[in-house]
> 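First the structure, which I've put down as structure tokens, then a few questions once you've had a look.
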Amino acid sequence: MAELFEIVGEDFFKPLTSLFKNIYVDCLNIIYDSYRTELSYGADRDVLVAKLTYYFESMGTGDIQFEDETESLKDSKAKASTFLRKLKDYGWIEYDIGNDQKIRVIMPNHSISVIQTINSITNQEEMEYQSEISAIYSLLTNEELLSRPYPQVVKPVFDHTFSLFTELKKLNTSIRKYIEEITSDKTAEEILENFFTYHEEIGSKAYHRIKTNDNVSRFRNIILRRLQGMLEDNERFNLIVQGFMNIEGVNDSEEAADIVHGMIAETIERFRSYDDIVDEIDRRNSKYIRNAVERAKFLLLNSNNAEGKISKILQYMADHFNRDEENNLTEDASDDICRLFNIFPQGFLSGESLKAIPISKKITEVDELTEGFILSDEERELRRLAIMEKNKNRFSKKNISAFVGERLEGKQSVKASEIEVMSRRDMIRIIFIYLYGKEDKTEYFVNNCGEMIEKEGFRFRDFEIKRRIR
């Protein structure tokens, strides 16, 4: 296998690590778009210089000076010509002079591959799983393609399968990224914003599709039977091996047979492992929703108790000490900060301080309750009512579902903006309506509307609440 830098050159990646890396990427995209859409061989250099000149004029970039050059570039056309020249020197583009003596810019294969990869990372285009599955299914069930089974069936099926399962693993990784973000130091607002983004980009799109329209299970049995049949049918398998030898230039028939067998067996194994991958995606999706709800609940509801107040004090202190430019960390803390630690008197530490307190197992007689401690029926009823009232005011799934049920009575749907918001507690209830509405076990579900709503000083993105039909 050839070494990477023997193909691309030693300086190929320098533009992507330079001071002007963003400009280089923009220029490469302009060149790539022109080269890709050009019907003739290559793109005219003068046309590209004109396009790059327009880019520098519209961006309004200031003077540009490279480290290896003494003069700074002020003119947009000079910038365009210089960046084009440097991309040629670095090996991203090549010049070719045609019969008409015009210089044409062409892009080597490795440049095109890198640009396409950069664009796929930047755009984060989501795969249509259905198209990949349909392609695999069609290739395996089209009898007319079996006259040349390796180039027309086995190889494209192997490639489509690799792409499909790579995207499924990327989906799994994306969910894991959101789970990790929940555990980082984020506010309740940031967690909720991530939650909305997650359901727009993952939950309502990719995850929903693999569970419904793009479910591989509908086609898997036929795909597996066809692939297994290729391994068991000696005549067809030999035809595949012969095609592999002709296309890939392999002369050893035994080596070719091993490679072909491995390709088909690997494809079969991928489809057999599909349930395990989707189960893992299910677990991560459920974990994300559960963690997001619990984390948001903690941040929203525990800010006024003792634990929340201590947490705010510690957060303030951390922010105070982290301002390196404003504070000299080598100086002693101020008296105001030190007094925060005088919450209780401190004793002294000794070797016994870390010892666990032994639990006495001695059974002693239970003291009799005094007669005055016995609750009367009236007091017991008052305590029961107090507990019922406290439970009724909790933001539990049951209470939220009951509240939504009242709002949906006689209706199929209602918008969050129609719910009365008079206090912070009303706003928190709307947040939990949205959070619980993304779970499958609730009696309702929610859909984003996209419109920002402001009510009584609170701002939130409106959403529609619909009754779930079982």
Side-chain angles (χ1 to χ4, degrees), residues 120 124-142 149 153-182 195 197-233 236-237 240 258-294 436-442 445 468-470:
S120 66
Q124 295 184 340
E125 294 180 355
E126 185 182 347
M127 171 184 278
E128 291 291 339
Y129 305 108
Q130 181 67 41
S131 62
E132 294 292 317
I133 300 164
S134 298
I136 295 169
Y137 179 83
S138 299
L139 289 167
L140 289 170
T141 55
N142 190 340
V153 180
V154 175
K155 191 175 189 306
V157 164
F158 180 82
D159 292 339
H160 282 296
T161 303
F162 180 81
S163 299
L164 171 63
F165 281 82
T166 299
E167 288 297 320
L168 289 174
K169 291 177 181 178
K170 285 168 61 178
L171 172 59
N172 199 5
T173 303
S174 297
I175 298 176
R176 181 173 63 84
K177 181 196 71 173
Y178 279 98
I179 292 175
E180 290 174 351
E181 288 182 354
I182 293 177
F195 191 84
T197 304
Y198 173 84
H199 278 285
E200 290 174 359
E201 297 183 357
I202 305 293
S204 299
K205 292 170 63 177
Y207 176 75
H208 177 73
R209 289 211 318 273
I210 67 168
K211 303 295 288 183
T212 54
N213 298 345
D214 294 355
N215 197 324
V216 173
S217 300
R218 294 189 299 165
F219 305 95
R220 182 171 51 179
N221 289 338
I222 295 177
I223 291 173
L224 288 174
R225 281 202 304 270
R226 294 282 179 153
L227 290 169
Q228 193 65 42
M230 290 181 177
L231 293 178
E232 296 172 355
D233 188 334
R236 180 164 295 173
F237 183 78
I240 297 171
D258 288 341
I259 296 175
V260 168
H261 189 283
M263 291 175 65
I264 298 175
E266 183 178 339
T267 305
I268 292 173
E269 187 57 34
R270 287 184 188 277
F271 278 99
R272 284 178 176 167
S273 67
Y274 173 78
D275 287 338
D276 293 335
I277 295 175
V278 174
D279 287 344
E280 177 65 20
I281 292 173
D282 279 341
R283 285 192 293 271
R284 289 192 186 276
N285 181 66
S286 299
K287 181 179 179 181
Y288 173 80
I289 293 175
R290 183 174 63 252
N291 288 3
V293 170
E294 293 301 323
Y436 290 136
K438 289 298 182 178
E439 299 185 13
D440 294 334
K441 296 181 180 179
T442 54
F445 65 95
R468 193 185 299 275
I469 300 176
R470 299 292 184 181

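What you are looking at is a predicted structure, and each value in this text was computed from that prediction instead of being measured.
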> What are the two closest heavy atoms between Met263 and Lys155, and how far apart are they?
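So the minimum-distance heavy-atom pair works out to CE-CA, 4.3 Å.
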
> Can you measure from CZ (Phe271) to CD1 (Ile136) and round to the nearest 0.5 angstrom?
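Nearest 0.5 Å value for the CZ-CD1 distance: 4.0 Å.
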
> State which residues pass ring pair (Phe, Tyr, Trp, His ring centres under 6.0 Å) with Tyr137; sequence neighbours excluded, sorted by chain then number.
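Testing Tyr137 for ring pair (Phe, Tyr, Trp, His ring centres under 6.0 Å), a comparison that skips the adjacent residues, returns Phe219.
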
> The criterion is side chain to side chain contact (heavy atoms under 4.5 Å, CB included); which residues satisfy it with Asp275, sequence neighbours excluded?
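Scan of Asp275 (side chain to side chain contact (heavy atoms under 4.5 Å, CB included), adjacent residues dropped) gives Ser217, Arg220.
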
> Rounded at 0.5 Å granularity, tell me how far OH in Tyr274 sits from CG in Leu224.
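Spacing of OH (Tyr274) from CG (Leu224) equals 12.5 Å.
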
> Output the distance between atom CD1 (Ile223) and atom CG (Leu139), rounded to the nearest 0.5 Å.
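Reported value, rounded in 0.5 Å steps: 10.0 Å.
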
> Are more than 12 heavy atoms from other residues, nucleotides or ligands located less than 6.0 Å from atom CZ of Phe445?
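Yes, because the 6.0 Å sphere around CZ of Phe445 holds more than 12 heavy atoms from other groups.
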
> Can you list the residues that meet the side chain to side chain contact (heavy atoms under 4.5 Å, CB included) rule with Asp276, with sequence neighbours excluded?
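None.
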
> With a 4.5 Å heavy-atom cut-off, do Leu140 and Met230 have their side chains touching?
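Side-chain contact under 4.5 Å: yes.
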
> Considering non-hydrogen atoms only, spot the tightest contact between Gly437 and Arg468 and give its length.
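Of all heavy-atom pairs spanning Gly437 and Arg468, the closest is O-NH2, 3.9 Å.
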
> For Asp233, give me all partners under salt bridge (Lys or Arg N to Asp or Glu O under 4.0 Å), at least two apart in sequence or on another chain.
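Listed in chain order: nothing, the list is empty.
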
> Do Leu231 and Ile268 make a side-chain contact, defined as non-hydrogen atoms from C-beta onward lying under 4.5 Å apart?
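Leu231 vs Ile268: side chains touch.
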
> Heavy atoms only: give me the nearest Tyr436-Thr442 pair and the separation to one decimal.
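Where Tyr436 meets Thr442 most closely, the heavy atoms are O-CG2, 3.1 Å.
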
> Output all residues satisfying side chain to side chain contact (heavy atoms under 4.5 Å, CB included) with Glu266, sequence neighbours left out; order by chain, then residue number.
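Partners of Glu266 by the side chain to side chain contact (heavy atoms under 4.5 Å, CB included) criterion, ordered by chain and then number, come out as Phe158, Arg270.
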
> Could you list the residues that satisfy side chain to side chain contact (heavy atoms under 4.5 Å, CB included) with Ser138, not counting sequence neighbours?
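Counting only residues at least two positions away or on another chain, Ser138 forms no side chain to side chain contact (heavy atoms under 4.5 Å, CB included).
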
> Residues in salt bridge (Lys or Arg N to Asp or Glu O under 4.0 Å) with Arg226, at least two apart?
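Residues passing salt bridge (Lys or Arg N to Asp or Glu O under 4.0 Å) with Arg226: Glu143.
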
> Asp258: what forms a side chain to side chain donor-acceptor pair (under 3.5 Å) with it, not counting sequence neighbours?
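If we apply the side chain to side chain donor-acceptor pair (under 3.5 Å) test to Asp258, skipping adjacent residues, there are no hits.
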
